[in-house]
Amino acid sequence: MIELALYQPDIAPNAGSMLRMCACLGLTCRIIEPAGFLMSDSRFRRAGMDYLDQAALIRDPSWQAFRRATAGRRSVLMTTRASLPYWDFRFRPDDVILLGRESSGVPEEVHAEVEARLTIPMRPGMRSLNVAVSAAMITGEALRQTGGFSLFGDPQAHQ
């Protein structure tokens, strides 16, 4: 199943929101350390609410540990430095969607090692979207393409 990976996240509420999304969608979230906050941070807990206890969270102590743990899977980096729009990319069910630090993205080493780099096209002059919003957009498209939403049953039954 698709996983979400946060590279050294530094804004606790964004990470909490993304873990909440993962809990609701049944996805695993990986945090590549070091994070810029403690998991006990009240802002992190507030954004994740009581969903954090239901989130599948893996903490990788470093980039190298993450790469070893996800060997054989594609790391798909979301970056403003890419030219390929995320909707033109063919996601696979075992992809790991990687998001960088809110303050600085990811270092060159990470850019060089990932298997794909995607962007969310925006109006000229705009720098970037909130990382949690970006994660939701990309994860939704990846699940749509790979049939991941079918895990929740018939959408007509929920109307």
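The structure presented is a predicted model; accordingly, all values stated were derived computationally and were not measured.
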Below 4.5 Å, heavy atoms only, C-beta onward: do R127 and T80 meet side chain to side chain?
no
Quick one: do L99 and L84 end up in the same hydrophobic cluster if we chain Ile, Leu, Val, Met, Phe, Trp and Tyr together by side-chain heavy atoms under 4.5 Å apart?
yes
For the CE atom of M18 and the OG atom of S134, what is their distance to the nearest 0.5 Å?
9.0 Å
Please report the interatomic distance OG1(T79) to CZ(R117), rounded to the nearest 0.5 Å.
8.5 Å
With the side chain counted from C-beta on, respond yes when T28 and I58 share a heavy-atom pair under 4.5 Å apart, and no when they do not.
yes
Heavy-atom nearest pair, I32 first then P9, reads O-CD, 4.1 Å
Please enumerate all residues that pass side chain to side chain contact (heavy atoms under 4.5 Å, CB included) together with L27, with sequence neighbours excluded.
M1, C22, L25, T139, L143
Kindly determine whether S75 and R67 satisfy side chain to side chain contact (heavy atoms under 4.5 Å, CB included), including the steps that lead there.
CA-CA 9 Å; S75 291; R67 291 298 280 178; 3.1 Å; yes
ring-ring contact (aromatic ring centres under 6.0 Å, His included): which pairs involve residues 63-85, sequence neighbours left out?
W63-F66
Output every pair passing ring-ring contact (aromatic ring centres under 6.0 Å, His included) with a member in residues 111-145, not counting sequence neighbours, ordered by first then second residue.
none
In the single-linkage hydrophobic clustering (I, L, V, M, F, W, Y; side-chain heavy atoms under 4.5 Å), do L129 and I97 co-cluster?
yes
Would you check, one step at a time, whether the test side chain to side chain contact (heavy atoms under 4.5 Å, CB included) holds for L118 with V76?
CA-CA 7 Å; L118 309 178; V76 180; 3.3 Å; yes
CZ (R92) and OG1 (T146) are apart, to the nearest 0.5 Å, by 12.0 Å
Distance (rounded to the nearest 0.5 Å) between L6 CG and N14 CG:
9.5 Å
For the CE atom of M21 and the SG atom of C29, what is their distance to the nearest 0.5 Å?
7.5 Å
Would W87 end up clustered with I2 when hydrophobic side chains under 4.5 Å apart are linked, directly or stepwise?
yes
Using the rule that Ile, Leu, Val, Met, Phe, Trp and Tyr join whenever any side-chain heavy atoms are under 4.5 Å apart, tell me whether I11 and I31 fall into a single cluster.
no
Using every non-hydrogen atom in the two residues, find where R74 and R90 come nearest and quote the distance to one decimal.
NH2-O, 3.0 Å
Evaluate the side-chain proximity of V110 to L98: yes if any heavy-atom separation is below 4.5 Å, no if none is.
yes
Rounded to the nearest 0.5 angstrom, the CG-CD1 distance for D95 and I138 is 12.5 Å
Minimum heavy-atom separation for Y7 and G105, please, with both atom names.
CD2-O, 4.1 Å
Side chain of E102, backbone of D10: donor and acceptor closer than 3.5 Å?
yes
Return the minimal non-hydrogen interatomic distance between G100 and V131, and the atom names on each side.
O-CG2, 4.1 Å
Is there a path from M78 to F91 through hydrophobic residues (I, L, V, M, F, W, Y) whose side chains come within less than 4.5 Å of each other?
yes
